[in-house]
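A short worksheet on the structure shown next.
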Amino acid sequence: MNSSRTIAASSPMMPHDENMAIAGKLRDYADLLSAQGADGFRVRAYRRGADTVAHLDQPASKILAREGRDGLVALPSA
């Protein structure tokens, strides 16, 4: 068994990678809403949320664990 492969497979996602994955999903939702003709405010809100998460200096999951949903809601816009 290759030990470096085992370590890589079990190592957690890097904070930047985690946040970028979340931001990507938020952008996907914004694109879907836009394609469905949703209100522009909702589309922009998802895009702003994606930008905010993408620019965090710590993992969003850490903020959620420490402060709960209120901690995420209180994040400043990017």
Side-chain angles (χ1 to χ4, degrees):
M1 180 186 247
N2 184 339
S3 63
S4 64
R5 184 178 203 177
T6 303
I7 293 169
S10 65
S11 64
M13 195 179 270
M14 298 300 295
H16 179 73
D17 294 339
E18 175 186 322
N19 291 346
M20 294 309 290
I22 294 168
K25 288 292 183 185
L26 291 170
R27 287 188 184 97
D28 289 345
Y29 293 140
D31 292 344
L32 179 62
L33 287 169
S34 180
Q36 292 175 342
D39 178 52
F41 174 81
R42 288 181 64 205
V43 173
R44 287 188 304 277
Y46 274 93
R47 292 192 199 288
R48 280 193 312 271
D51 291 342
T52 297
V53 171
H55 290 96
L56 291 175
D57 60 355
Q58 60 184 310
S61 62
K62 187 179 251 184
I63 297 169
L64 180 63
R66 186 179 59 241
E67 302 175 36
R69 185 173 179 232
D70 291 339
L72 296 176
V73 170
L75 289 173
S77 295

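This is a predicted model, so every value here is computed, not measured. Nothing fancy with the numbering, it's 1 onward along the sequence. Side-chain atoms are counted along with the backbone in the values below, which use heavy atoms only and exclude waters and symmetry mates.
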>> Tell me whether the count of non-hydrogen atoms from other residues, nucleotides or ligands lying under 6.0 Å of CZ in Arg42 goes above 12.
In response: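 No, the 6.0 Å shell around CZ holds no more than 12 heavy atoms from other groups.
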>> In this structure, would Leu33 and Val53 fall into the same cluster of hydrophobic residues linked by side-chain contacts under 4.5 Å?
In response: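 Result: yes, single cluster for both.
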Check residues 64-78 and write down every donor-acceptor pair under 3.5 Å in which the side-chain atom is one partner and the other belongs to a residue at least two apart or another chain.
unit_1 : atom_1 : unit_2 : atom_2 : d
Arg66  : NH1    : Gln58  : OE1    : 3.2
Arg66  : NH2    : Gln58  : OE1    : 3.4

> Between Ala60 and Glu18, what is the shortest heavy-atom contact and its length?
Replying inline: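 Minimum heavy-atom contact is N-OE2, 3.8 Å.
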For a quick test of your reading: what N or O donor-acceptor pairs under 3.5 Å do the side chains of residues 21-32 make, sequence neighbours left out?
unit_1 : atom_1 : unit_2 : atom_2 : d
Arg27  : NH2    : Asp51  : OD1    : 2.9
Asp31  : OD1    : Arg47  : NH1    : 3.0
Asp31  : OD1    : Arg47  : NH2    : 3.0

>> Test your reading of the model: is there a side-chain donor-acceptor pair from Asn19 to the backbone of His55, 3.5 Å cut-off?
In response: no
